[in-house]
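What follows is one structure encoded as structure tokens, with my remarks underneath.
For the numbers below, each heavy atom of this structure counts, side chains included, while hydrogens, waters and symmetry mates do not.
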Amino acid sequence: MDDYNEIFWDNVIRWQKYRGYTNKEMSEKLGITLPSYNNVRVTRPGVSIKKLNRYTYALNCEPADLFDEWTDEEWEKFVKRGKEAE
């Protein structure tokens, strides 16, 4: 996968699930309406620096985390390590 926009949005969804946030909670953290958030999840618009900053703040992660190319296996290992550390 080499489309960074797709990588970004795939990782937003992964991190949202990892943090246990609903779409409503994400929209509130981003300061947008739920319909607007649902729309961006479907349309996957381009990523600006401003948008990147908002998402990393909302998801409590680093900007690079949203551009890592995780395989499903790698992500599951990451999640398992995170849960073990809690």
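Looking at residues two or more places apart in sequence or on another chain, you find a ring pair (Phe, Tyr, Trp, His ring centres under 6.0 Å) between Phe8 and Tyr55, Phe67. Under the side chain to side chain contact (heavy atoms under 4.5 Å, CB included) criterion, Arg41 pairs with Ile13, Gln16, Asn23, Tyr37, not counting sequence neighbours. Glu73 meets the side chain to side chain contact (heavy atoms under 4.5 Å, CB included) test with Thr71, Lys77; sequence neighbours excluded. For Lys24, the side chain to side chain donor-acceptor pair (under 3.5 Å) test picks out Glu28, with sequence neighbours left out.
Relative orientation of the Tyr18 and Trp75 rings is perpendicular, given thresholds of 30° and 60° on the angle between their planes.
Evaluation of the salt bridge (charged side-chain N to carboxylate O under 4.0 Å, His left out) test over residues 47-59, restricted to residues two or more places apart or in two chains, returns none.
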Applying side chain to side chain contact (heavy atoms under 4.5 Å, CB included), run through Leu30 and Tyr57 and close with a yes or a no.
-> CA-CA 9 Å; Leu30 294 167; Tyr57 182 78; over 6 Å; no
Can you list the steps and then say if Arg44 with Asp3 is a salt bridge (charged side-chain N to carboxylate O under 4.0 Å, His left out)?
-> CA-CA 12 Å; Arg44 296 177 168 225; Asp3 181 359; over 6 Å; no
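Leu34 CG to Ser27 OG: the interatomic distance, rounded to the nearest 0.5 Å, is 5.0 Å. Annotation: the span from Asn38 atom CG to Thr43 atom OG1 amounts to 10.5 Å, rounded to 0.5 Å. Taken to the nearest 0.5 Å, the CG atom of Leu59 stands 6.0 Å off from the CG atom of Leu66.
Aromatic ring centres of Trp15 and Phe78: separated by under 6.0 Å.
Salt-bridge check for Arg14 with Asp65: failed, with every basic side-chain N at 4.0 Å or more from each acidic carboxylate O.
Closest non-hydrogen pair, Met26 versus Ala58, comes out as CE-CB, 4.5 Å. For the residue pair Pro63 and Leu52, the shortest heavy atom distance occurs at CB-CD2, 3.9 Å.
Proximity of Ile7 to Trp70: side-chain heavy atoms (C-beta onward) are nowhere separated by under 4.5 Å. In this structure the side chain of Glu62 never reaches within 4.5 angstrom of the side chain of Thr56, judged on heavy atoms.
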